[in-house]
A.B. asks: 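The structure under discussion is supplied below as structure tokens; questions concerning it will follow.
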There are 2 protein chains.
Amino acid sequence: MASARRIGAPDAKNRGVLLDAAEQLMLEEGYAAVTSRRVAQKAGLKPQLVHYYFRTMDDLFMAVFRRRAEQGLRYQAEILKSPQPLWALWKFHTESPDTALTMEFTALANHRKELRAEIAYYAERFRDEQSKVVARALERYGTGVHELPPVVAIVLVMGVAQLLVIENTLGMSSGHGETVEIVERYLRQLEGEPAISPGT
Amino acid sequence: MASARRIGAPDAKNRGVLLDAAEQLMLEEGYAAVTSRRVAQKAGLKPQLVHYYFRTMDDLFMAVFRRRAEQGLRYQAEILKSPQPLWALWKFHTESPDTALTMEFTALANHRKELRAEIAYYAERFRDEQSKVVARALERYGTGVHELPPVVAIVLVMGVAQLLVIENTLGMSSGHGETVEIVERYLRQLEGEPAISPGT
DNA sequence: GTCTATAATCAGATAGAC
DNA sequence: GTCTATCTGATTATAGAC
């Protein structure tokens, strides 16, 4: 039945080239700029190849997302090994350009069921990992610092980090300095002065 | 020089109809679905009328945004009259469907200079109003409750509220219950039990 | 397994008719 | 002041060639 058409091998070189092009385009100009033509152009390939390697444009978006998410999980596992996991999360999420890409995907996902489910799935995995590590860390620091359950600490930190990044992108800054100060004071209470940023 | 073409009157009935259609479409299917054809279809008008009332599609987006932003400012002024402004902000931003539309505009604005500036401008106005009111409120409650500067309290509350709404839309919920509990406990410490929601 | 020729549809915008 | 006929180009997707 559905789609007898053949699809390119998952490890073909040009498939990766197309993924790179799509991701870059998405970051630079937003998901609406990710058309088969523009992706191909950026990749130096013919537009039809996009449909050879990805049945639909939605499939392409999905593939871009999965690739980044998997890499993100590996990277997070790395930085969470830090003795100061809260600092690591905070620094990562206020500074990484990944946040912009995530925003783009979230906006796109708002109206695409499959992608939305995929994002939720990965987001839960990210948070689970975070929770485990932060729970252990808070235990180490001695409980009751402010009686914050680990998940709540994470949600708070991530919420603020995200807001700051979004507003920064818009060119806003009112209240940012004061907020960063308060958050970092809190982190310092828990984890002490931040060490130099971790490798990779 | 530029564009000698005439443009429809700002108060023409069909202009409003088109704005309504565009806004609804944006909410239901995302900004990428807002094309002249689809807007016109939803409005029961001819596609070309979109370009008669709005020179470009960007102009249309801008007009939709401004209309909502102005209305939002009026509404916020209303709810900030509450004797419990922090509760009002929290409730409004965790429950209002407006948040979804704002997200959509923010994503769109990410790659459109003019719209981005406009959103930043209005966002600052929103925050200024909030700051004034919350500052007065915190003073009333007696300072030093947790030594949070008003702007910081606002940024924290807004950040968390936004994260919860976004994740909710994705279908996520891990950590939400606990976070809501903590935030509302904090609000209760400051402003007591929330009264019934305000009118309008 | 890799890519191209081609179909079918939809997009933004403008000049000009009422 | 209001709307329509129409141009030009882009977009997704498929069937079929190498």
Side-chain angles (χ1 to χ4, degrees), chain A residues 1-26 28-65 108 111-115, chain B residues 1-23 25-26 28-65 108-109 111-115:
Chain A
M1 278 256 140
S3 122
R5 212 162 89 262
R6 290 170 299 165
I7 221 76
D11 58 338
K13 178 185 146 233
N14 279 346
R15 201 188 114 106
V17 175
L18 288 168
L19 284 175
D20 290 341
E23 181 177 305
Q24 210 183 322
L25 210 45
M26 206 166 169
E28 291 168 355
E29 305 191 40
Y31 68 77
V34 180
T35 68
S36 49
R37 310 288 237 254
R38 302 228 33 209
V39 170
Q41 185 192 10
K42 203 170 193 90
L45 298 169
K46 294 276 170 74
Q48 301 96 317
L49 277 184
V50 174
H51 291 281
Y52 169 54
Y53 286 107
F54 310 95
R55 212 174 51 78
T56 66
M57 292 308 285
D58 277 10
D59 283 1
L60 171 59
F61 281 121
M62 195 74 116
V64 173
F65 175 74
L108 176 60
H111 310 281
R112 318 230 175 173
K113 220 177 98 194
E114 281 192 21
L115 184 57
Chain B
M1 282 255 133
S3 125
R5 212 160 88 262
R6 290 168 298 164
I7 221 76
D11 57 338
K13 178 185 147 232
N14 279 345
R15 201 188 114 106
V17 175
L18 289 169
L19 284 175
D20 290 342
E23 181 176 306
L25 209 46
M26 206 165 170
E28 290 168 356
E29 305 190 39
Y31 68 76
V34 180
T35 68
S36 50
R37 315 284 237 252
R38 302 229 31 210
V39 169
Q41 185 193 8
K42 201 168 194 93
L45 298 169
K46 294 276 170 74
Q48 302 95 316
L49 277 184
V50 173
H51 291 282
Y52 168 55
Y53 285 108
F54 310 94
R55 212 173 53 79
T56 66
M57 292 307 285
D58 277 11
D59 282 1
L60 170 59
F61 281 121
M62 196 74 117
V64 172
F65 175 75
L108 175 60
H111 310 281
R112 316 228 176 176
K113 221 178 96 193
E114 281 192 21
L115 184 56

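These numbers come from the heavy atoms of this one structure, side chains and all, not from hydrogens, waters or symmetry mates. A note on names: the letters A, B, ... follow the listed sequences, proteins ahead of strands, and every chain is numbered from 1.
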A.B. asks: When the distance from NZ of Lys13(B) to P of dG1(D) is rounded to whole Å, what number comes out?
C.D. replies: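 Result: 18 Å.
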A.B. asks: Once you round it to whole Å, what is the distance between P of dA15(D) and OH of Tyr52(A)?
C.D. replies: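 Spelled out: OH on Tyr52(A) to P on dA15(D) is 16 Å.
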A.B. asks: With nearest nucleotide decided by heavy atoms, which residue, Lys46(B) or Met57(A), maps closer to the 5′ end of DNA chain D?
C.D. replies: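 The 5'-side residue here is Lys46(B).
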A.B. asks: Leu60(A) CG to dT12(D) P: how many Å, rounded?
C.D. replies: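 For the pair Leu60(A) CG and dT12(D) P, the rounded distance is 10 Å.
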A.B. asks: For a quick test of reading the model, state the closest non-hydrogen atom pair linking Ala33(A) to Leu25(A) and the distance between them.
C.D. replies: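 Closest pair (atom of Ala33(A), atom of Leu25(A), distance): O-CD2, 3.5 Å.
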A.B. asks: Distances for protein N/O vs nucleotides 16-18 of chain D N/O pairs under 3.5 angstrom?
C.D. replies:
unit_1, atom_1, unit_2, atom_2, d
dA17(D), N6, Arg6(A), NH2, 2.7

A.B. asks: Strictly below 4.0 Å: does Asn14(B) bring a side-chain N or O up to OP1 or OP2 of dT2(D)?
C.D. replies: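 No, because none of the side-chain N or O atoms of Asn14(B) sits under 4.0 Å from OP1 or OP2 of dT2(D).
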A.B. asks: Less than 4.0 angstrom between a side-chain N/O of Tyr53(A) and OP1 or OP2 of dG1(C), yes or no?
C.D. replies: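 Indeed not, no polar side-chain atom of Tyr53(A) lies that close.
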A.B. asks: CZ of Arg55(B) to CG of Leu60(B): how many Å apart, nearest 0.5 Å?
C.D. replies: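 It is 13.0 Å, given to the nearest 0.5 Å.
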A.B. asks: For Phe61(B) and dA11(C), what is the distance between atoms CZ and P respectively, to the nearest whole Å?
C.D. replies: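 Taking atom P of dA11(C) as the reference, CZ of Phe61(B) is at 12 Å.
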A.B. asks: Ignoring hydrogens and angles, are the base of dA5(C) and the side chain of Gln48(A) linked by a donor-acceptor pair under 3.5 Å?
C.D. replies: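 Answer is yes: a donor-acceptor pair is held.
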A.B. asks: Counting only heavy atoms from other residues, nucleotides and ligands, does the tally under 6.0 Å from CD of Glu28(B) exceed 12?
C.D. replies: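 Result for CD/Glu28(B): enclosed.
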A.B. asks: Would you mind reading off the distance between Arg37(B) atom CZ and dA5(D) atom P, rounded to a whole angstrom?
C.D. replies: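 Between P of dA5(D) and CZ of Arg37(B): 13 Å.
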A.B. asks: Roughly how far, to the nearest 0.5 Å, is OH of Tyr53(A) from CG of Leu19(A)?
C.D. replies: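 Output value for this atom pair is 11.0 Å.
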A.B. asks: Under a 3.5 Å distance rule, please check whether Arg15(B) uses its side chain to pair with a backbone N or O of Pro10(B) as donor and acceptor.
C.D. replies: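 Yes.
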A.B. asks: Give the minimum heavy-atom separation between Leu108(B) and Met26(B), together with the two atoms involved.
C.D. replies: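 Shortest heavy-atom separation between Leu108(B) and Met26(B) comes out as CD2-CE, 4.1 Å.
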A.B. asks: Can you tell me how far P of dA5(C) sits from NE2 of His51(A), to the nearest Å?
C.D. replies: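 Distance check: His51(A) NE2 to dA5(C) P gives 16 Å.
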A.B. asks: Give a yes/no on whether any side-chain N or O of Ser36(A) is located under 4.0 angstrom from OP1 or OP2 of dT12(D).
C.D. replies: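 Looking at the OP1 and OP2 atoms of dT12(D), one of them is under 4.0 Å from a side-chain N or O of Ser36(A).
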A.B. asks: Provide, to the nearest angstrom, the distance between the CG atom belonging to Leu49(B) and the C1' atom belonging to dT6(D).
C.D. replies: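 Rounded to whole Å, this separation is 15 Å.
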A.B. asks: Using atom CG of Asp59(A) as one end and atom P of dT14(D) as the other, report the distance to the nearest whole Å.
C.D. replies: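 Answer to the nearest Å: 11 Å.
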A.B. asks: Take Phe61(B) and Val64(B), measure what side-chain contact (heavy atoms from CB on, under 4.5 Å) needs, and give me the verdict at the end.
C.D. replies: CA-CA 5 Å; Phe61(B) 281 121; Val64(B) 172; 5.8 Å; no
A.B. asks: Looking across every strand, which nucleic acid part, if any, lies under 4.0 Å from Phe54(B) by heavy atom: base, sugar-phosphate, or nothing?
C.D. replies: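 No contact at all - Phe54(B) keeps every heavy atom at 4.0 Å or more from the nucleic acid.
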